[in-house]
Peer 1: 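Just dropping this structure here.
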Amino acid sequence: MLLPVTWGRSGEQSRRADTGDLSTGGCFVITSDPAGVGERVVITLPHEATAGLRITGEIVYRIELGFGVRFAEMPQAARAALALLLADYYRDLESAGRLARRSQPASAPRPTS
């Protein structure tokens, strides 16, 4: 999910970036800006009802393209807003025909006597 975001450390000016992946548990931030594993950052996602959905997290890995963030505990309202943002995104992809509908798992074979 490529989504424009801002990110920053507490007390610093926010930087613009994009997510390369996003879930309710964390995200990957595409950036060449320096950041180290273990640092706490605030990610601000676009949110229609507010100036942005701010989520605190910890950088858990770093590669040349950016870093992975695991979101810290967040209020239920923030988790629900993030889940809604993700659901809307995937619904839009599906309706545009760019995402295959998920197939139902095959039922387990019945034991024979």
Peer 1: Please report the closest heavy-atom contact between T24 and L82, naming both atoms and the distance.
Peer 2: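 The answer is CA-CD2, 3.6 Å.
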Peer 1: For R70, check side-chain hydrogen bond (donor to acceptor under 3.5 Å, both in side chains) against everything at least two apart and list the hits.
Peer 2: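 Counting only residues at least two positions away or on another chain, R70 forms no side-chain hydrogen bond (donor to acceptor under 3.5 Å, both in side chains).
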Peer 1: May I have the step-by-step check of side chain to side chain contact (heavy atoms under 4.5 Å, CB included) for F71 and C27, ending in yes or no?
Peer 2: CA-CA 8 Å; F71 294 146; C27 68; 4.0 Å; yes
Peer 1: Please examine the side chains of T44 and V5, heavy atoms only from C-beta on, and report whether any two atoms are closer than 4.5 Å.
Peer 2: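 Side-chain contact under 4.5 Å: no.
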Peer 1: Do other residues, nucleotides or ligands put more than 12 heavy atoms under 6.0 Å from E73 CD?
Peer 2: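 At most 12 heavy atoms, drawn from other residues, nucleotides or ligands, come within 6.0 Å of this atom.
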Peer 1: What are the two closest non-hydrogen atoms of I43 and V29, and how far apart are they?
Peer 2: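 Reported closest heavy-atom pair: CD1-CG2, 3.8 Å.
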Peer 1: Should E39 and R9 count as side-chain neighbours, where that means a heavy-atom distance under 4.5 Å?
Peer 2: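 Yes. Closest side-chain heavy atoms under 4.5 Å.
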Peer 1: Does atom CZ (R16) have a neighbourhood of more than 12 heavy atoms from anything else shown, all under 6.0 Å?
Peer 2: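 Open.
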Peer 1: Which atoms form the tightest heavy-atom contact between I59 and A35, and what is the distance?
Peer 2: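 The answer is CD1-CB, 3.4 Å.
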Peer 1: Any side-chain heavy atom of R54 within less than 4.5 Å of one from M74?
Peer 2: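 When only atoms from C-beta onward are counted, M74 and R54 do not touch, as no gap falls below 4.5 Å.
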Peer 1: Evaluate the criterion side chain to side chain contact (heavy atoms under 4.5 Å, CB included) for residue pair V60 and V69; output intermediate values, then yes/no.
Peer 2: CA-CA 6 Å; V60 292; V69 175; over 6 Å; no
Peer 1: Applying a strict under-4.5 Å side-chain criterion to I, L, V, M, F, W and Y, I'd like to know whether Y61 and L65 cluster together.
Peer 2: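 Yes; tracing contacts between hydrophobic side chains, which count when under 4.5 Å, links both residues.
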Peer 1: Hey, what do you get for CG (L22) to CG (L3), rounding to the nearest 0.5 Å?
Peer 2: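 Between atom CG of L22 and atom CG of L3 there are 6.5 Å.
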Peer 1: So which atom in A72 and which in R40 form the shortest heavy-atom distance, rounded to 0.1 Å?
Peer 2: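 Closest heavy-atom pair between A72 and R40: CB-NH2, 3.8 Å.
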Peer 1: Hey, could you give me the OG1/CG distance between T19 and L45, rounded to the nearest 0.5 Å?
Peer 2: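 Spacing of OG1 (T19) from CG (L45) equals 7.5 Å.
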Peer 1: Describe, in one word, how the ring planes of F67 and W7 are oriented to each other, choosing from parallel (under 30°), tilted (30 to 60°) and perpendicular (over 60°).
Peer 2: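 Aromatic pair F67/W7 classed perpendicular.
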Peer 1: Please give me the minimum heavy-atom distance between S14 and T6, naming the atom from each residue.
Peer 2: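 That would be CB-CB, 4.0 Å.
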